Amino acid sequence: MKTEYIILKEATLNNNCPECYSTESIKLSFKQRRLTSKLVIKTKGTIIESMNCAKCENQIFPGQWTKDIERVYEYHKKTITPKSSSIRFTGLFYSLIALIILFIGIGYLYLNHPELLGIS
């Protein structure tokens with residue numbers, strides 16, 4: 001299965017980075033995971049959150065957050081609307097189901113009513 005991430009929201013924060021003290025370099029992102037295969041597309045309900053500094057290229061973990069960063073994080077978390085978790089089937093899945101039903105129908109006709117197929 002191939003994993004994709006749906007970006008729900010990305011925001012650049014004006015807060016100071018706790019590592020390098022740079023302003024306007026913290027990027028907050030909220031993502032949702034989508035698993036894709038040839039037959040099924042699954043969207044997971046969990047939200048993956050990450051906060052990175054573009055200048056020092058470090059991930060900022062919740063233990064390093066200041067109260068200002070927490071407040072801005074809570075605000076942005078309230079503004080996102082996650083996609084509902086779902087399972088969608090692809091066209092290949094539906095065509096395989098149609099072929100299976102067709103073969104079952106032909107097998108039934110062959111065994112029980114061979115005269116309909118021109119077999120005597």
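Since the model is a prediction, treat every value here as computed from it, not as a measurement.
Separating the CD atom in Q64 from the CG atom in N58 is a distance of 7.5 Å, to the nearest 0.5 Å. Rounding to the nearest 0.5 Å places NZ of K31 at 13.0 Å from OG1 of T46. Taking SG of C53 as the reference point, atom CG of N15 lies at 11.5 Å (rounded to 0.5 Å). Between E115 atom CD and H113 atom NE2 the span is 7.0 Å, to the nearest 0.5 Å. Here I48 contributes atom CD1 and Q32 contributes atom CD; the two are 9.0 Å apart, rounded to the nearest 0.5 Å. For the atom pair CG of L92 and CD1 of I97, the computed distance is 10.0 Å after rounding to the nearest 0.5 Å.
The ring-ring contact (aromatic ring centres under 6.0 Å, His included) test applied to F93 returns F89, not counting sequence neighbours.
Residues S29 and S50 have side chains that bring a donor and an acceptor to within less than 3.5 angstrom of each other.
In the hydrophobic clustering of ILVMFWY residues, with side-chain heavy atoms under 4.5 Å counting as a link, I87 and Y94 come out together. Linking Ile, Leu, Val, Met, Phe, Trp and Tyr residues whenever their side-chain heavy atoms come within less than 4.5 Å leaves L35 and Y5 in two separate clusters. Cluster membership check: L96 shares its hydrophobic cluster with I101, using side-chain heavy-atom separations under 4.5 Å among Ile, Leu, Val, Met, Phe, Trp and Tyr.
The number of heavy atoms from other shown groups lying within 6.0 Å of NZ (K27) does not exceed 12.
The hydrophobic cluster containing I80 also includes I6, L8, L13, I26, L28, F30, I47, M51, I60, W65, I69, V72, Y73, under a criterion of side-chain heavy atoms closer than 4.5 Å among ILVMFWY residues, counted directly or through chains of members.
Although no hydrogens or angles enter the test, the distance criterion places a donor-acceptor pair under 3.5 Å between the side chain of S37 and the main chain of V40.
The salt bridge (charged side-chain N to carboxylate O under 4.0 Å, His left out) contacts involving residues 36-64 comprise E49-K77, where partners must be two or more places apart or lie in separate chains.
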Q) T43 and S85: side-chain contact (heavy atoms from CB on, under 4.5 Å), yes or no, with the steps? A) CA-CA 5 Å; T43 303; S85 60; 5.6 Å; no
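C17 has its side chain within reach of C56: a pair of non-hydrogen atoms, C-beta onward, lies under 4.5 Å apart.
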